[in-house]
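Note sheet for the following structure.
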Amino acid sequence: MGVRAGVGGGEPTAYARTVLDVVERIPPGRVMTYGDVAEYLGTGTGRTVGAVLRRYGSEVPWWRVVQASGRPAEPLVQAALARLSREGCAVHGERIALAAARWDGRPIRI
DNA sequence: AGTATGACGGTTA
DNA sequence: CTAACCGCCATAC
């Protein structure tokens, strides 16, 4: 049941699965930067995280991953901002207020 | 094996 | 604020 089989031809690599796993856990209305995900995993970089989402991210909340500037990646600016705004995320221009929406990976207060 | 490629990030000008 | 540059590392070929 690889629910996450996205557009990619093959199956996600082991690394890709860890990335997708983290992104799937980002709570609605919260965001992580590409670099945050890599740092949280302890492997990879913002680039590698972006590469995974580009390939296999269609089945996970990809709009909750933004650049360190608070702005969604180029091809996703409008789509991501619309979804985040709907989730109650504070949007300033084309940027998310990271100070308020950034998620550290810990449960929000059970 | 070696090279090229990114939904990135930080620094510098 | 914009633009250029370089370091980063998993993948594709």
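Keep in mind that what you see is a predicted model, and the values were worked out from it rather than measured. Letters go in sequence order (proteins before strands), and every chain restarts at 1. We use all heavy atoms of the structure for the numbers below, so side chains are in, but hydrogens, waters and symmetry mates are not.
We find that OH of A:Y56 is positioned 10 Å from C1' of C:dA12, with the value rounded to whole Å. Across the protein-nucleic acid pair, A:E11 atom CD and C:dA10 atom P stand 20 Å apart, rounded to whole Å. One can place CG of A:L53 at 13 Å from P of C:dT11, the figure rounded to the nearest angstrom. A:R71 places its CZ atom 8 Å from the P atom of C:dT2, with the value rounded to the nearest Å. Taking atom CD of residue A:E39 and atom P of nucleotide B:dG10, one finds them 9 Å apart after rounding to whole Å.
Across all strands shown, A:S69 has no heavy atoms under 4.0 Å from either base or sugar-phosphate atoms. Here A:Q67 lies in heavy-atom contact (under 4.0 Å) with sugar-phosphate atoms only.
Side-chain contact of A:T43 with A:Y15: a donor-acceptor pair under 3.5 Å is absent, judged by distance alone.
Listed pair A:R55 / C:dA10 fails the phosphate criterion, with no side-chain N or O lying under 4.0 Å from OP1 or OP2.
Of the candidates B:dG10, C:dA12, C:dC9, B:dG10 carries the atom nearest the A:A68 side chain, counting heavy atoms from C-beta on. Here the side chain of A:T13 is nearest to one of C:dA10, C:dT11, B:dG9, namely C:dT11. Candidate nucleotides C:dC1, C:dC9, B:dG9 were compared by shortest atom distance to the side chain of A:T48, and C:dC9 ranks first. Of all nucleotides listed (C:dT11, B:dG9, C:dC9), C:dT11 comes nearest to the side chain of A:Y15. For A:R95, counting side-chain heavy atoms from C-beta on, the closest listed nucleotide (C:dA10, C:dA12, C:dC1) is C:dC1.
Panel note: side chain A:R30, backbone A:A101; a donor-acceptor pair is recorded below 3.5 Å.
Within 6.0 Å of atom CD in A:E39, 12 or fewer heavy atoms from other residues, nucleotides or ligands are found, so the atom counts as exposed in its surroundings.
Tested against A:V52 for a side-chain contact (heavy atoms from CB on, under 4.5 Å), the candidates A:V37, A:L20, A:V60 yield a single pass: A:L20.
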